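What follows is a short report on a single structure.
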Amino acid sequence: MLNRLFGRKPEKLRAEALYRDVVTAARTPDFYARLGVPDTVEGRFEMIILHCALVVLALKTQDGDDSARLSQALFDTMFDDFDAAMREMGVGDSGVGKKIRFMAEGFYGRAEALREAASQDQADELQAVLSRNVFSAEADDARAPALALYVNSALEALRAQGGAALIAGASPAFPAI
């Protein structure tokens with residue numbers, strides 16, 4: 001009985017597994033070696049945010065409370081990890097909250113821009129979003145088209161897999177680079 005009261009919620013356990021998959025995909029060396037994503041703290045942050053946003057978009061294809069709870073649990077897990085990482089890097093307690101809030105706003109902005117670019121099926125807009133966020137370029141970055149191809153493939157694969165499969169425990173179907 002105490003496990004039910006104080007045990008971890010199933011969506012939290014599922015979100016932790018999904019987050020591990022997201023981080024594994026985001027750390028794929030080819031993003032940095034072949035596609036030119038900056039191999040920096042910021043570049044890795046952007047790739048985690050990108051992959052997490054892709055999973056959230058896939059979960060949103062599934063209506064219902066399970067999808068919403070898992071999306072929120074994934075978001076919470078990601079930001080718990082960011083919080084711990086900042087503390088490990090020596091960011092003081094007073095600065096962590098502000099940085100987390102800034103990062104959360106960035107996540108929502110990036111996820112919405114990604115959703116809009118993908119829903120409009122406009123390659124130029126997706127490339128602009130990736131140039132701005134991943135490559136920190138004001139104008140179109142020459143590296144963005146290759147990353148946009150990956151993002152479109154990932155969206156297609158995750159949509160084909162479906163949110164129900166992710167809720168049921170499947171690993172996200174991220175494509176090879």
Side-chain angles (χ1 to χ4, degrees), residues 3-4 7-32 34-35 37 43-83 103-135 143-177:
N3 270 349
R4 279 188 286 152
R8 295 167 66 180
K9 295 180 180 178
E11 64 268 8
K12 181 67 175 169
L13 294 171
R14 180 67 200 116
E16 289 169 352
L18 270 175
Y19 184 67
R20 283 190 300 274
D21 292 335
V22 162
V23 170
T24 298
R27 289 183 176 167
T28 301
D30 282 346
F31 285 122
Y32 308 96
R34 286 189 35 220
L35 300 187
V37 172
R44 288 176 180 261
F45 166 79
E46 290 296 339
M47 294 310 293
I48 291 171
I49 291 286
L50 175 66
H51 283 85
C52 193
L54 291 168
V55 170
V56 168
L57 288 174
L59 286 169
K60 287 188 183 279
T61 64
Q62 183 69 32
D63 291 331
D65 291 338
D66 289 343
S67 174
R69 279 195 303 271
L70 183 55
S71 290
Q72 184 62 52
L74 178 60
F75 176 86
D76 294 344
T77 300
M78 177 176 59
F79 279 95
D80 287 347
D81 183 52
F82 291 163
D83 182 285
M103 293 164 82
E105 290 170 0
F107 172 79
Y108 285 122
R110 285 162 174 77
E112 181 59 21
L114 180 63
R115 186 196 63 75
E116 286 179 16
S119 68
Q120 296 172 8
D121 198 28
Q122 294 182 357
D124 290 345
E125 183 59 30
L126 179 57
Q127 289 176 29
V129 166
L130 295 172
S131 290
R132 208 172 36 248
N133 296 320
V134 176
F135 300 110
R143 299 168 290 185
L147 186 55
L149 285 173
Y150 171 81
V151 168
N152 282 328
S153 295
L155 282 168
E156 186 177 307
L158 289 166
R159 285 181 183 145
Q161 182 179 24
L166 295 171
I167 292 167
S171 291
F174 293 120
I177 300 172

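Computed from a prediction, not measured in an experiment: that's the story for all the values here.
Distance CG/Leu35 to CG/Asp30: 7.0 Å, rounded to 0.5 Å. Here the CG-CG distance, from Leu57 to Leu114, works out to 5.5 Å after rounding to the nearest 0.5 Å. Here Leu158 contributes atom CG and Leu166 contributes atom CG; the two are 6.5 Å apart, rounded to the nearest 0.5 Å. We find the OH-CG distance between Tyr19 and Asp80 to be 9.5 Å, quoted to the nearest 0.5 Å. Note: Leu130 CG to Leu147 CG = 4.5 Å, rounded to the nearest 0.5 Å. For the atom pair Asp65 CG and Ile167 CD1, the distance stands at 10.0 Å (nearest 0.5 Å).
No donor-acceptor pair closer than 3.5 Å links the side chain of Ser131 to the backbone N or O of Ala144. Proximity of a side-chain donor or acceptor of Arg14 to a complementary backbone N or O of Pro10 within less than 3.5 Å is not detected. Of the possible polar contacts, one joining the Ser67 side chain to the Leu59 backbone as a donor-acceptor pair under 3.5 Å is found.
By the 30° and 60° cut-offs, the orientation of the rings of Phe79 relative to Phe82 is perpendicular. In this structure, Phe31 and His51 have perpendicular ring planes: the angle between them is above 60°, well past the 30° mark.
Donor-acceptor pairing under 3.5 Å is lacking for the side chains of Glu156 and Asn152.
With Tyr32 as the aromatic partner, Arg44 meets the cation-pi criteria of under 6.0 angstrom to the ring centre and within 45 degrees of the ring axis.
In terms of heavy-atom proximity, Ala157 sits nearest to Ala173 at CB-O, 3.2 Å. Here the shortest heavy-atom pairing between Ala113 and Val129 reads CB-CG2, 3.9 Å. Annotation for Ile177 and Arg34: closest pair O-NH1, 3.3 Å, computed over non-hydrogen atoms. Taking both residues in full, the closest heavy atoms of Phe174 and Ala154 are given as CD2-CB, 4.5 Å, listed atom of the first, atom of the second, then distance. Between Ala104 and Phe75, the closest heavy-atom pair is CB-CZ, 3.9 Å. Across all their heavy atoms, Cys52 and Val22 have their closest contact at N-CG1, 3.7 Å.
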side-chain contact (heavy atoms from CB on, under 4.5 Å) between Met47 and Val134, intermediate numbers included
CA-CA 7 Å; Met47 294 310 293; Val134 176; 4.3 Å; yes

For the pair Val55 and Asp21, evaluate side-chain contact (heavy atoms from CB on, under 4.5 Å) and give the outcome as yes or no after the intermediate values.
CA-CA 10 Å; Val55 170; Asp21 292 335; over 6 Å; no

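Taking 4.5 Å as the limit, every side-chain heavy atom of Glu46 sits out of range of all side-chain heavy atoms of Val37. Gln72 places a side-chain heavy atom less than 4.5 Å from the side chain of Asp76.
Of the candidates Lys12, Arg20, Glu11, Thr77 forms a side chain to side chain contact (heavy atoms under 4.5 Å, CB included) with just one, namely Lys12.
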